[in-house]
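First up is the structure itself, then whatever we jot down about it.
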Amino acid sequence: MGDTGTTDTASTARPAHPTGWASFEAAEPAFAVLVRERFGGYTHHALATLRKDGSPRLSGIEADFRAGELWLGMMPGSRKALDLRRDPRFALLANPGEGTTMGGGDVRVSGRAVEITDRPTLEWYAGEVGMPMPFHVFLVEPTEVVRTAVEGDDLVLTAWTPARGTRTIRRGNDESPPREG
């Protein structure tokens with residue numbers, strides 16, 4: 001799909017989505033940078049959607065950041081696109097990378113995917129990514145952003161939701177209870 005990194009192609013043709021990535025980024029700019037950098041490390045990521053029968057489907061995807069938003073572009077008629085049309089809930093896991101070090105942590109964005117159908121936005125997106133139409137494109141409305149990382153002897157979970165904001169929980173490799181901060 002194109003640029004999955006931290007660079008942003010600004011465009012006046014595409015306004016910010018009021019409940020999209022830009023709102024998360026405005027609320028938590030430092031956390032948003034960490035998440036974008038993690039997604040920017042690789043092109044391919046994993047998208048979880050719900051099948052018609054409610055069972056999970058896991059698919060590869062190229063997610064990208066453009067005009068301050070997180071976009072999901074898909075081939076026309078793809079199963080994952082049809083899943084999202086039926087039920088917009090999803091989870092997007094950043095590629096964990098090579099080996100077991102999880103450089104930068106394990107990052108996940110969950111929320112709703114809003115399909116874009118208006119022709120001017122589709123044409124703008126096609127020009128941005130250099131992809132011929134037709135295709136499906138969805139804007140991400142994050143409802144949870146999570147980063148799990150190892151820091152010293154601690155497992156550190158940083159989670160954001162629109163209602164709660166950001167919270168950090170640390171856990172040791174023993175029976176001590178988790179602690180905030």
Side-chain angles (χ1 to χ4, degrees), residues 1-49 57-85 87-98 102-148 158 160 162:
M1 278 269 126
D3 177 18
T4 59
T6 58
T7 58
D8 204 6
T9 306
S11 173
T12 56
R14 179 66 211 155
H17 188 61
T19 58
W21 181 264
S23 63
F24 162 65
E25 197 165 47
E28 297 293 339
F31 189 24
V33 165
L34 285 173
V35 172
R36 282 180 72 149
E37 285 176 352
R38 191 66 191 84
F39 274 101
Y42 295 89
T43 302
H44 300 282
H45 307 287
L47 177 70
T49 58
R57 181 187 316 272
L58 192 58
S59 306
I61 192 162
E62 295 180 30
D64 63 340
F65 294 89
R66 297 187 184 276
E69 296 297 342
L70 177 53
W71 302 79
L72 306 174
M74 301 165 208
M75 292 173 52
S78 68
R79 295 289 182 196
K80 58 192 163 193
L82 299 177
D83 287 348
L84 290 173
R85 279 183 159 177
D87 186 332
R89 294 175 295 169
F90 74 92
L92 178 66
L93 177 68
N95 187 320
E98 297 178 25
M102 285 192 336
D106 184 40
V107 173
R108 176 180 45 86
V109 176
S110 300
R112 294 176 34 88
V114 178
E115 186 169 16
I116 302 302
T117 58
D118 69 279
R119 187 83 178 172
T121 302
L122 290 172
E123 289 173 354
W124 169 84
Y125 188 79
E128 285 286 306
V129 300
M131 174 186 263
M133 293 202 299
F135 52 79
H136 298 284
V137 66
F138 295 83
L139 267 177
V140 167
E141 289 183 346
T143 57
E144 183 180 52
V145 179
V146 178
R147 176 179 180 257
T148 305
T158 305
W160 171 89

Apply the test side chain to side chain contact (heavy atoms under 4.5 Å, CB included) to residues F39 and H45: give CA-CA distance (whole Å), side-chain angles for both, the deciding distance (0.1 Å), then the verdict. CA-CA 8 Å; F39 274 101; H45 307 287; 3.6 Å; yes
Atom CE of M133 with >12 non-hydrogen neighbours under 6.0 angstrom: yes
Nearest 0.5 Å, please: how far is CG in D118 from CD in E123? 9.5 Å
Which heavy atom in F138 sits nearest to a heavy atom in A81, and how many Å separate them? CZ-O, 3.8 Å
F90 vs D83 side-chain heavy atoms within contact, under 4.5 Å: no
To check you understand the geometry: which heavy-atom pair defines the closest contact between F31 and T158, and what is its length? CZ-O, 3.6 Å
If you measure only the distance, is there a donor-acceptor pair under 3.5 Å linking the side chains of R119 and T121? no
Does the side chain of V35 reach to within under 4.5 Å of the side chain of W160, using non-hydrogen atoms? no
Return the CD1 to OG distance between I61 and S78, rounded to the nearest 0.5 Å. 8.0 Å
Indicate yes or no: at least one non-hydrogen side-chain atom of L72 is less than 4.5 angstrom from one of V137. no
Run the numbers on L58 and L47 for side chain to side chain contact (heavy atoms under 4.5 Å, CB included), then give the verdict. CA-CA 6 Å; L58 192 58; L47 177 70; 6.0 Å; no
Restricting to non-hydrogen atoms, name the atom on S59 and the atom on K80 that form the minimum distance, rounded to 0.1 Å. CB-CD, 3.8 Å
Minimum heavy-atom separation for P142 to V109, with atom names? CB-CG1, 4.0 Å
How long is the span from the CD atom in E141 to the CZ atom in F24, to the nearest 0.5 Å? 15.0 Å
For residues F65 and W71, establish whether the separation of their ring centroids is below 6.0 Å. no
Minimum heavy-atom separation for G77 and H136, please, with both atom names. N-NE2, 2.9 Å
Could you pull out the closest heavy-atom pair between L92 and L70, with the gap in Å? CD2-CD2, 4.2 Å
Which distance, rounded to the nearest 0.5 Å, do you find between the CG of L139 and the CZ of R112? 12.0 Å
Can you tell me how far CG of L82 sits from CE of M74, rounded to the nearest 0.5 angstrom? 10.0 Å
What do the steps show when you test R147 against R38 for side chain to side chain contact (heavy atoms under 4.5 Å, CB included), and what is the final call? CA-CA 10 Å; R147 176 179 180 257; R38 191 66 191 84; over 6 Å; no
Hey, are the side chains of R36 and W21 touching, using non-hydrogen atoms and a 4.5 Å cut-off? yes
Is there a side-chain contact between T49 and R89, using heavy atoms and a 4.5 Å cut-off? no
Rounded to the nearest 0.5 Å, what's the gap from NE2 on H44 to CG on N95? Could you check? 8.5 Å
